[in-house]
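Here the structure comes first, spelled out in structure tokens, and everything after it is commentary.
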Amino acid sequence: MSNTGMNMRGKITFYEEKNFQGRSYECMNDCSDMTSNLSRCQSCRVESGCFMVYDRSNYMGNQCFMKRGEYSDYMSMMGMRDCIKSCRMIPMHRGQYRMKIYERENFGGQSHEMMEDCDNVMDRYRMNECQSCNVMDGHWLMYEQPQFRGKMMYMRPGEYRNFMDMGMSGQRFMSMRRITDSCN
């Protein structure tokens, strides 16, 4: 049985301007719409924990994984075109990691259960793409290109029948890795 250590101790501070200037907003949990706190966000500082940030409200759109550190101009560093509009804290996970990936939507096509990172689903499983998955244990990042490159999507335990429902229309995922970073 997995032990999901729900270490909910994380802190991220967002700033309206680059280089930690302008108004700021401190966040220690999920925030589905930051526009009520800041008109825009162009830099941030992760003091503890790990977070996913999104360029659309309600945890939609382009995503970026952020761990402890300073991001003085996250837009150019992360390749995001728009401001951060929502963020989600990633709880620390202790225990095994398990995810079943499927070639087609609604758990169709060939499937494979994973417990380790996969840098290329085509090479390892002979799958052209991954369009749905079931995360049983742990927290994962899925990438649109092999070798953990391109757009990413955060996956926490649950069933994901269709990635379009998460604002990722036409998105294919070709590599996956476990979030094993120490998020303290």
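Since we're looking at a predicted model, the values are computed, not measured.
Side chains of Val135 and Trp140 form a contact here, defined as non-hydrogen atoms less than 4.5 Å apart. Between Ser175 and Asn120 the shortest side-chain heavy-atom distance does not fall below 4.5 Å. Put simply, the side chain of Tyr154 does not reach to within 4.5 Å of the side chain of Met142, judged on heavy atoms. Counting heavy atoms from C-beta on, the side chains of Ile12 and Glu47 never come closer than 4.5 Å. Here the side chains of Asn37 and Cys27 are not in contact, with every heavy-atom distance at 4.5 Å or above.
Residues Cys130 and Met176 approach most closely at CB-CE, 3.8 Å, considering heavy atoms. Smallest separation of non-hydrogen atoms from Pro157 and Gly138: CD-O, 3.3 Å.
Between atom OH of residue Tyr71 and atom SG of residue Cys44 there is a gap of 7.0 Å, rounded to the nearest 0.5 Å. A distance of 9.5 Å separates OH in Tyr59 from CG in Asp33, rounded to the nearest 0.5 Å. The distance from the NZ atom of Lys67 to the SG atom of Cys50 is 7.5 Å, given to the nearest 0.5 Å. The CG atom of Asn134 lies 6.0 Å from the OH atom of Tyr102; values are rounded to the nearest 0.5 Å. Taking OH of Tyr54 as the start and SG of Cys87 as the end, the distance is 9.0 Å to the nearest 0.5 Å. Atom CE of Met155 sits about 12.0 Å away from atom NE2 of His139, to the nearest 0.5 Å.
Partners of Arg88 according to the salt bridge (charged side-chain N to carboxylate O under 4.0 Å, His left out) rule, which considers only residues two or more places apart in sequence or in another chain, are Asp30. Residues satisfying the salt bridge (charged side-chain N to carboxylate O under 4.0 Å, His left out) criterion with Asp117, sequence neighbours excluded, are Arg178. For Glu113, the side chain to side chain contact (heavy atoms under 4.5 Å, CB included) partners two or more places apart in sequence, or in a different chain, are Arg98, Met136. In this view, Tyr25 satisfies the ring pair (Phe, Tyr, Trp, His ring centres under 6.0 Å) rule with no residue, not counting sequence neighbours. Arg45 pairs by the salt bridge (charged side-chain N to carboxylate O under 4.0 Å, His left out) definition with Glu70, not counting sequence neighbours. For the side-chain hydrogen bond (donor to acceptor under 3.5 Å, both in side chains) test, residues two or more places apart in sequence or in another chain that qualify with Arg149 are Gln145. In terms of the salt bridge (charged side-chain N to carboxylate O under 4.0 Å, His left out) criterion, residue partners of Arg40 (sequence neighbours excluded) are, by chain and number, Glu17. Take Ser39 and apply the side chain to side chain contact (heavy atoms under 4.5 Å, CB included) test, not counting sequence neighbours, and it matches Glu16. Applying the side-chain hydrogen bond (donor to acceptor under 3.5 Å, both in side chains) rule to Glu26 yields the partners Lys11; only residues at least two apart in sequence or on another chain are considered.
Judged by distance alone, with hydrogens and angles left aside, the side-chain atoms of Ser111 form no donor-acceptor pair with the main-chain N or O of Ile101 at under 3.5 Å. In this structure a side-chain-to-backbone donor-acceptor pair under 3.5 Å is missing from Ser32 to Asn58.
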Subject >> Derivation and outcome, side-chain contact (heavy atoms from CB on, under 4.5 Å), residues Asn19 and Asp73 >> reply: CA-CA 6 Å; Asn19 299 314; Asp73 180 5; 5.7 Å; no
Subject >> Verdict with reasoning, Phe173 to Phe163, per ring-ring contact (aromatic ring centres under 6.0 Å, His included) >> reply: CA-CA 10 Å; Phe173 293 99; Phe163 297 142; 5.1 Å; yes
**OP:** Tell me, with the steps shown, if Met34 and Lys85 meet side-chain contact (heavy atoms from CB on, under 4.5 Å).
**Re:** CA-CA 5 Å; Met34 292 183 39; Lys85 300 277 176 65; 5.7 Å; no
**OP:** Report the C-alpha distance between Cys133 and Tyr160 in whole Å, list the side-chain angles of each, state the deciding distance to 0.1 Å, and finish with yes or no for side-chain contact (heavy atoms from CB on, under 4.5 Å).
**Re:** CA-CA 5 Å; Cys133 70; Tyr160 301 90; 3.8 Å; yes
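Taking the six-membered ring where tryptophan is involved, the planes of His93 and Tyr97 are perpendicular, since the angle between them exceeds 60° and thus also 30°.
Exactly one of Arg124, Met99, Met127 qualifies for a side chain to side chain contact (heavy atoms under 4.5 Å, CB included) with Cys118. That residue is Arg124. Only one option out of Met174, Met153, Arg177 pairs with Tyr143 in a side chain to side chain contact (heavy atoms under 4.5 Å, CB included); it is Arg177. Test Ile84, Val53, Thr35 against Cys41 for side chain to side chain contact (heavy atoms under 4.5 Å, CB included) and you get one pass: Ile84.
Tyr15 shares a hydrophobic cluster with Phe20; the chain of contacts runs through ILVMFWY side chains whose heavy atoms sit under 4.5 Å apart.
Within the structure, the salt bridge (charged side-chain N to carboxylate O under 4.0 Å, His left out) test picks out the following pairs touching residues 99-109 (sequence neighbours left out): Arg104-Glu129. Sorted by first and then second residue, the ring pair (Phe, Tyr, Trp, His ring centres under 6.0 Å) pairs involving residues 108-136 (not counting sequence neighbours) are His112-Tyr125.
Note on Met115: it does not cluster hydrophobically with Ile179, by side-chain heavy-atom contacts below 4.5 Å among ILVMFWY residues.
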